[in-house]
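Below is one structure, written out as structure tokens, with a few remarks after it.
Each chain gets a letter, A, B and so on, in the order its sequence line appears, and its residues count up from 1.
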Amino acid sequence: MQLNLREYEGITMDFVAELSTLISQETDLSTDIVKDFLEVPPQPELGDYALPCFKLAKTMRKAPNLIAEELAEKMQPLPDYLTEVRQTGGYLNFFINRSRFIQDEITSILHSEQEPGVSDLGKGQTILVEFSSPNIAKPFHIGHGFTTILGESLARIYDHLGYDTKRLNHLGDYGTQFGKLIVAYDRWGNEEELLREPIDELLRIYVKFHDEAEQEIDEKGVSILEKEAREAFQRLEAGAEHETQLWSRFREVSLIEFNRVYDRLGIKFDNLNGESFYSDQIPAVVEMLKEKNLLEESEGAQVVRLDEFNLPPCIILKSDGTTIYASRDIAAVLYRDKTWNFNRNIYVVGLPQQLHFKQIFAVLKKAGEPCADRCEHVGFGTVKFPDGALSTRSGKVIKLDDLFAEAVKKTRQIIETNATERGDDMSAETIDAIAEKVGLGAILYIFLKNGRERDIVFKWEEVLDFDGDTAPYLQYTYARAKSILRRANEVDATADPSTLELAAIENDTTFQLVRAMADFPEAIQNAASANEPFMIARQINLIARLFNKFYNNDSILNIEDTNLRQSRLCLCRAVCRVLKTGLNLLGIEAVEKM
RNA sequence: GGGUCCAUAGCUCAGCUGGAUAGAGCAACAGCCUUCUAAGCUGUAGGUCGCAGGUUCGAAUCCUGCUGGACUCGCCA
């Protein structure tokens, strides 16, 4: 019975596997099933792992507690990685050799060349992650924050797992809204303002357009402005000079503003093909659908019926002959399949568009395109204010940049206060750099701490609360551990764990801490398979909480025993590695001090 | 009306392939800085897991119904 403990990723997995094999030898169950049954008891006094025997009761025709009792006896003598096997009620509880576990786990974290949890699970597979996709000419507000932050985190997670990840930004640079902007700009546009504050100016005329559109109505009750806007968009799609020129200016000035945000977050897209890019590929899509006899005319529009999928029809061409977002998205899937030959193509787009994506994928499926099955919509909730959703039209928005600025400002104040108290004279540059990372981290974490399908109700006092389950807490924990490592002498801080008796640090807290770190790789994989970064957030939050407990209970530097001192420092180093990796997977940077 | 999803502590959320006393954080209250960063730690209080049935040895978790809410249902994206 040998445990392979040299590879970091698998220690717990291997342990569970060994235990499962052992149990399966004593029962009729396969190793896999046993592995599935194994769980962690609610109280540490009960054991480190447990096998509920209720399910075995039927087939073995015996009471669960008897089964557990017999198994406990049959497993004697125990392998060296177990210290005790005990029956409690209908459970068979296992106590593992904690000393050995701590020794091997910490050693492997510190010895590994790779970051914790790195794997080659996705080796050779290409995954496209479409996210952010802001609309040109509109402010980059906190609503875009969700897709941007979630998407980047997912991309990092897939990178970590060895996928060939492509970040795609499907810019909203086309559509009737540009007809509106062109009409609005021709009427009320201000050249100087467009140069000075491009998005603000475009937003101003966009809001004005909607105000005015409600006023000017013809005898049939149709808005005159809306009609003009549709016509302007038709001219744009036909390539008219004036319209195209305005459109491309709008796009240009908008990108400058978006890039500020992306640079700040360290996001680099592999591709920024917006909707406009796919516009001229739509005729081929229409032709293909026509050839396969999927296209039908309905109320003047060209649609694909999707009754067999239990979905409403998908409109491909509007009754005026212009394209619609669905047709562009279909063209995009086909283009991406040709260009990247993707294994997976995921869309980090809000939940309200769920039906839209179901329709797109269904049309592709109906058209016999195999790539349809490799597409997936990763939806998320809505960002709203306590009194309702945000709205570009009414101008009720908070720009993501402004939100960052507030968080950074508050962070800077806290750092300055603390620095004074601690007598630490940090330079203004240092403070700025830390404030930036911590302030941004606080905001990013808000979007990543819970299940993505939850709505986020935006409240300033909560957003700027840096206590508890927040990124600053995690960053603070990291900085604390780093601070200790800086204070330790060179020899202590770099001791080779394999030469130490790490078991000296063992107690309930340190064992739980080490186990939480051992579970980290699995948390990453779970996060990937559910597309839920919060699973990583929770795991590192658990690690941080346990570390802080350890920090409060046990002295690290001020102890005589060299082995104990160096061993505890090894634990600090391991925690730092895991925390930093976890934060990075969320798109958050760790700071050395704060 | 059809569809999708949601309802767990005062608030924000985990837990949901059924399993031991339902867990965190915030807020509240009580403690801990002459020792490694108090953005921290410890403790107390707080829950008929929306309601009603059902399946099961066992249900927050699965099924049905109901109530309340969100989103969506053809020419916006």
Side-chain angles (χ1 to χ4, degrees), chain A residues 36-37 39 41-43 46 50 52-55 57-58 63-64 88-91 93 133 135 170 172 174-177 180 230 275 298-303 310-320 322 324-326 328-329 349-356 358-359 379 381-382 384 389 411 414-415 417-419 421-422 424 438 442 449-451 453-457 459 461-462 465-477 479-488 534-535 538 541-542 544-545 547-559 568-569 572 593-594:
Chain A
D36 248 26
F37 284 2
E39 55 189 45
Q43 266 73 44
L46 292 167
C53 299
F54 307 94
K55 284 167 191 160
K58 260 184 199 149
T88 310
Y91 291 88
N93 292 333
S133 311
N135 289 326
H170 192 71
Y174 225 55
T176 323
Q177 50 175 332
K180 292 177 185 175
R230 273 197 296 276
E275 296 172 329
S298 170
E299 297 169 39
Q302 296 292 316
V303 308
N310 238 325
L311 294 170
C314 181
I315 296 183
I316 302 297
L317 288 177
K318 294 189 279 190
S319 48
D320 64 5
T322 56
I324 189 167
Y325 56 98
R328 288 193 282 276
D329 270 332
V349 179
L351 231 26
Q353 293 193 48
Q354 202 173 33
L355 179 60
H356 162 69
K358 279 185 185 165
Q359 288 177 304
T382 308
K384 38 177 123 167
T411 307
I414 297 174
I415 296 171
T417 309
N418 289 345
E421 270 180 24
R422 296 170 192 154
D424 187 342
V438 176
K449 68 190 282 193
N450 294 136
E453 301 202 353
R454 291 266 178 189
D455 288 346
I456 292 175
V457 178
K459 293 184 194 130
E461 64 271 26
E462 284 176 16
D465 182 0
F466 297 165
D467 295 333
D469 186 13
T470 63
Y473 172 78
L474 301 172
Q475 291 165 313
Y476 176 75
T477 306
R480 247 180 164 185
K482 277 290 183 172
S483 170
I484 288 185
L485 291 168
R486 273 195 304 273
R487 284 172 183 273
F534 89 89
M535 292 176 175
R538 285 190 96 80
N541 178 269
L542 175 64
R545 274 208 320 271
F547 176 79
N548 280 318
K549 198 170 178 177
F550 157 71
Y551 179 96
N552 262 269
N553 290 342
D554 302 334
S555 289
I556 298 164
L557 294 176
N558 304 325
I559 42 179
R568 286 184 177 158
L569 282 165
C572 290
K593 60 193 288 191
M594 66 186 274

Anti/syn call for B/rC41, syn if |chi| within 90°: anti
Expressed in whole Å, how much space separates the P atoms belonging to B/rA24 and B/rG3? 40 Å
When rounded to whole Å, the CD to P distance for the pair A/Glu421 and B/rU34 reads 13 Å
Pairwise side-chain contact, A/His170 with A/Asp329, heavy-atom cut-off 4.5 Å (strictly under): yes
Using a heavy-atom cut-off of under 4.0 Å over every strand shown, decide if A/Phe466 touches base, sugar-phosphate, or nothing. base
What is the separation between atom CZ on A/Phe550 and atom P on B/rG40, rounded to the nearest whole Å? 19 Å
Rounded to whole Å, CG of A/Asn310 lies from P of B/rG2 at a distance of 13 Å
Rounded distance in Å between the P positions of B/rC73 and B/rC11: 32 Å
Can you list everything that forms a ring pair (Phe, Tyr, Trp, His ring centres under 6.0 Å) with A/Tyr476? Sequence neighbours excluded, please. none
With rounding to the closest Å, how many angstrom separate the P atoms on B/rC71 and B/rC13? 15 Å
Donor-acceptor under 3.5 Å (A/Lys358 side chain, A/Leu311 main chain): no
Specify the separation, in whole Å, of atom CD of A/Gln359 and atom P of B/rG3. 16 Å
RNA chain B: stems of at least 3 consecutive Watson-Crick or G-U pairs whose donor-acceptor distances fall under 3.5 Å: B:1-7 with B:67-73, B:10-13 with B:23-26, B:28-32 with B:40-44, B:50-54 with B:62-66
Check nucleotides 73-75 of chain B for protein N or O atoms closer than 3.5 Å to its own N or O atoms and list the pairs.
from   : atom 1 : to       : atom 2 : distance (Å)
B/rG74 : O6     : A/Glu299 : OE2    : 3.2
B/rG74 : N1     : A/Ser298 : OG     : 2.5
B/rG74 : N2     : A/Ser298 : O      : 3.4
B/rG74 : N2     : A/Ser298 : OG     : 3.1
B/rC75 : O2     : A/Ser319 : N      : 2.6
B/rC75 : O2     : A/Ser319 : OG     : 3.1
B/rC75 : N3     : A/Ser319 : OG     : 3.1
B/rC75 : N4     : A/Glu299 : O      : 2.5

Sub-3.5 Å donor-acceptor pair from the side chain of A/Asp455 to the main-chain atoms of A/Thr382, do we have one? yes
Nucleotide of B/rA38, B/rA20, B/rU12 approaching A/Asn450 most closely (side-chain heavy atoms): B/rU12
For A/Pro472, which contact category applies under a 4.0 Å heavy-atom criterion: base, sugar-phosphate, or nothing? base
Do the side chain of A/Thr477 and the main chain of A/Tyr473 share a donor and acceptor less than 3.5 angstrom apart? yes
Which residue lies toward the 5' end of RNA chain B, A/Gly89 or A/Thr477, if each is placed at its nearest nucleotide? A/Gly89
May I ask you to test the A/Asn541-A/Lys449 pair for a side-chain heavy-atom distance under 4.5 Å? no
Give a yes/no answer on whether the side chain of A/Arg454 brings an N or O atom under 4.0 Å of OP1 or OP2 in B/rC6. no
From B/rC36, B/rU4, B/rU37, nucleotide with atom closest to A/Ile556 side chain: B/rC36
Using atom C1' of each nucleotide, how far apart are B/rA9 and B/rG23 to the nearest Å? 11 Å
Between atom CG in A/Asn541 and atom C1' in B/rG40, what is the gap in whole Å? 13 Å
Nearest to the A/Gln177 side chain among B/rU35, B/rC11, B/rA77, which nucleotide is it? B/rA77
Expressed in angstrom and rounded to an integer, what is the separation of A/Asn552 atom CG from B/rG43 atom P? 11 Å
Expressed in angstrom and rounded to an integer, what is the separation of A/Tyr473 atom OH from B/rA24 atom C1'? 11 Å
Which distance, rounded to the nearest 0.5 Å, do you find between the CD1 of A/Ile324 and the CG of A/Leu317? 9.0 Å
Hey, is NZ on A/Lys318 packed in by over 12 heavy atoms from elsewhere, all under 6.0 Å? yes
Consider side-chain contact (heavy atoms from CB on, under 4.5 Å). Of A/Arg480, A/Arg486, A/Lys482, which one does A/Lys593 pass it with? A/Arg486
Report which part of the nucleic acid A/Pro41 touches: base, sugar-phosphate, or nothing (heavy-atom distance under 4.0 Å, all strands). base
A/Glu39 atom CD is separated from B/rU61 atom P, nearest whole Å, by 17 Å
Over all strands shown, is A/Val438 touching base, sugar-phosphate only, or nothing at heavy-atom distances under 4.0 angstrom? base
Just to be sure I understand the rule, does A/Lys449 reach a base, reach only the sugar-phosphate, or reach nothing, if contact means heavy atoms closer than 4.0 Å? nothing
Just to be sure I understand the rule, does A/Gln475 reach a base, reach only the sugar-phosphate, or reach nothing, if contact means heavy atoms closer than 4.0 Å? nothing
Return yes if the base of B/rA20 and the side-chain atoms of A/Asn93 contain a donor-acceptor N/O pair under 3.5 Å, otherwise no. yes
Using a 4.0 Å heavy-atom cut-off, does A/Gln353 contact any base of the nucleic acid, only the sugar-phosphate backbone, or nothing at all? base
Respond yes when some side-chain nitrogen or oxygen of A/Arg230 is under 4.0 Å from OP1 or OP2 of B/rC76, and no when none is. no
Among B/rA20, B/rU35, B/rA14, find the nucleotide with the atom closest to the side chain of A/Arg538. B/rA14
Which value, in whole Å, describes the distance between the C1' atoms of nucleotides B/rC57 and B/rG69? 37 Å
Nearest to the side chain of A/Asn418, which nucleotide is it out of B/rA77, B/rA39, B/rC36? B/rA39
Once you apply a heavy-atom cut-off of 4.0 Å, does A/Ala50 come out as touching a base, just sugar-phosphate, or nothing? base
Taking atom P in both B/rG18 and B/rA27, what distance in whole Å separates the two? 37 Å
Considering only atom C1', compute the distance from B/rA14 to B/rC49 and round it to an integer number of Å. 13 Å
By nearest atom, which of the nucleotides B/rU72, B/rC36, B/rA39 is closest to the A/Tyr476 side chain? B/rA39
In terms of side-chain heavy atoms of A/Gln43, which of B/rU37, B/rU21, B/rC41 is nearest? B/rU21
Measure from the side-chain N and O atoms of A/Gln359 to the backbone N and O of A/Pro313, and report whether any donor-acceptor pair falls under 3.5 Å. yes
Contact class for A/Ile415 vs. all strands (heavy atom < 4.0 Å): base, sugar-phosphate, or nothing? base
Identify the two heavy atoms, one from A/Phe466 and one from A/Ala442, that lie closest to each other, and give their separation to 0.1 Å. CE2-CB, 3.5 Å
Give a yes or no answer on whether the side chain of A/Glu453 reaches the backbone of A/Gly379 with a donor-acceptor pair at less than 3.5 Å. no
If you look at every strand shown and take non-hydrogen atoms under 4.0 Å, does A/Asp455 touch a base, only sugar-phosphate, or nothing? sugar-phosphate
Expected output: side-chain A/Arg568 to main-chain A/Ser555 donor-acceptor under 3.5 Å: yes
Indicate, with a heavy-atom threshold strictly under 4.0 Å, whether A/Arg422 touches base, sugar-phosphate, or nothing. base
Position toward the 5' end of RNA chain B (nearest nucleotide), A/Ser555 or A/Cys53: A/Cys53
Using the C1' atom as the reference point in each nucleotide, state the distance between B/rA22 and B/rG65 in Å, no decimals. 26 Å
